[in-house]
Novice: 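I'd like to ask some things about the structure below.
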Amino acid sequence: MTMIGLALSLLVVIAHPDDETLFSAFIHSLTQKVEANVDFVCLTNGEGGFRHSSASEFLYGNLHLSDETNAREHLSRIRQEELFNSGKILSIRRIFFYNQIDLKYTTDVESIFNEQWNKTLISQLLEETLRYGYDFLLIFLPNGNSHGHHTASALIALETIERLKKDSNFKMKIPTVIGGSEFVLTSPLIPFNSLSKVENKTFRFDRRWKLNCQRDHLLDYNLIVLWTCAAHKTQGGLIPSTLTSLARDYEEYFYFSINDDVRRLKSVENLFKDLTKLHQEKRYGDE
Ligand SMILES: *[C@@H]1O[C@H](CO)[C@@H](O)[C@H](O)[C@H]1NC(C)=O
Ligand SMILES: *[C@@H]1O[C@H](CO)[C@@H](O)[C@H](O)[C@H]1NC(C)=O
């Protein structure tokens with residue numbers, strides 16, 4: 001790639017092991033097509049994800065994973081393993097687990113900070129992780145319709161970036177923050193706060209773009225999305241929802257206004273322009 005001399009690096013902040021499947025196509029193209037280094041931060045231990053675990057019980061020593069008490073004892077270890085497996089498909093370099101409790105579903109972000117997670121600790125851990133130095137930070141696009149853990153993870157990341165921008169002791173580069181949407185947005189976004197404002201500009205990654213494999217030129221990124229979903233065997237609802245309620249042709253990404261630097265905006269524009277070009281060029285099998 002001509003866009004950057006050095007390998008590009010990206011840190012992806014997810015709330016649960018399996019959230020990365022929402023961004024699988026984009027991530028896979030980065031590691032495979034532009035040789036980016038991509039790391040994950042996973043905030044929760046995923047122990048609350050037992051609702052659709054029964055089909056996988058035979059794979060895991062017949063532990064009754066759909067039973068809450070059992071799940072809270074065993075799921076976190078199993079789901080870490082599942083995230084490593086998905087990470088292999090996406091060629092992820094490192095995965096950082098922050099082990100916050102995955103207590104329950106709520107859209108009430110404040111209650112997550114009060115009853116579930118230690119926000120101060122997460123922000124400290126994220127600062128430590130950011131010392132590895134990243135060009136880009138991919139977080140959830142904060143959204144009132146989302147799982148509160150998703151929104152909360154994004155808000156903590158944005159607050160951490162804002163804090164580090166003002167901290168003269170933080171010598172590492174501050175990454176450019178982009179938000180990934182969980183679904184195709186049909187109405188304008190209402191920002192949660194001043195930090196979560198995005199530019200009115202959508203960057204799209206088309207999952208129907210071909211993988212450009214030499215011997216099988218019809219395969220597209222939907223294959224990668226489903227492979228990563230299939231890595232999460234305890235999440236029996238994931239493939240059905242990916243094929244129905246969450247089905248979409250495009251992954252959509254947004255640029256946060258707090259990046260506040262026209263060169264950063266250019267770098268995101270160039271990245272998506274390059275990815276588009278790369279996938280639209282005539283490749284294997286074209287006439
Ligand atoms: C949250 O983490 C901070 C920083 O590590 C720690 O000082 C504090 O005691 C923790 N709070 C709770 C309620 O555990
Ligand atoms: C966003 O930009 C589009 C054109 O690209 C415009 O039609 C729309 O009104 C804008 N929305 C807002 C909220 O500014």
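Counting convention: from 1, in listed order, for ligands and their atoms alike.
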Novice: Ignoring hydrogens, what is the shortest heavy-atom contact between Pro142 and Leu158? Give both atom names and the distance.
Specialist: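 The pair with the smallest heavy-atom distance is CG-CD1, 4.1 Å.
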Novice: Any protein heavy atom lying closer than 4.0 Å to atom 7 (O) of ligand 1?
Specialist: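 Neighbour list for atom 7 (O) of ligand 1 is empty of protein heavy atoms (cut-off 4.0 Å).
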Novice: On the 0 to 90° scale, with breaks at 30° and 60°, tag the Trp209-His279 ring pair as parallel, tilted or perpendicular.
Specialist: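 Trp209 and His279: parallel rings.
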Novice: Among all protein heavy atoms in this structure, tell me which lies nearest to atom 3 (C) of ligand 1, with the distance rounded to 0.1 Å.
Specialist: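 Among all protein heavy atoms, the one nearest atom 3 (C) of ligand 1 is Asn118 ND2, 3.6 Å.
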Novice: Salt bridge check, Lys173 against Asp135: does any charged N sit closer than 4.0 Å to a carboxylate O?
Specialist: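 Salt bridge: yes.
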Novice: Going by the side-chain hydrogen bond (donor to acceptor under 3.5 Å, both in side chains) test, which pairs reach into residues 185-197, not counting sequence neighbours?
Specialist: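 Of all non-adjacent pairs touching residues 185-197, those that pass side-chain hydrogen bond (donor to acceptor under 3.5 Å, both in side chains) are Asn193-Ser196.
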Novice: Is the shortest distance from atom 11 (N) of ligand 1 to a protein heavy atom below 4.0 Å?
Specialist: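 For atom 11 (N) of ligand 1 the answer is yes, since some protein heavy atom falls inside 4.0 Å.
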Novice: What protein heavy atom sits nearest atom 5 (O) of ligand 1, and how far away is it?
Specialist: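 Among all protein heavy atoms, the one nearest atom 5 (O) of ligand 1 is Gln124 OE1, 3.2 Å.
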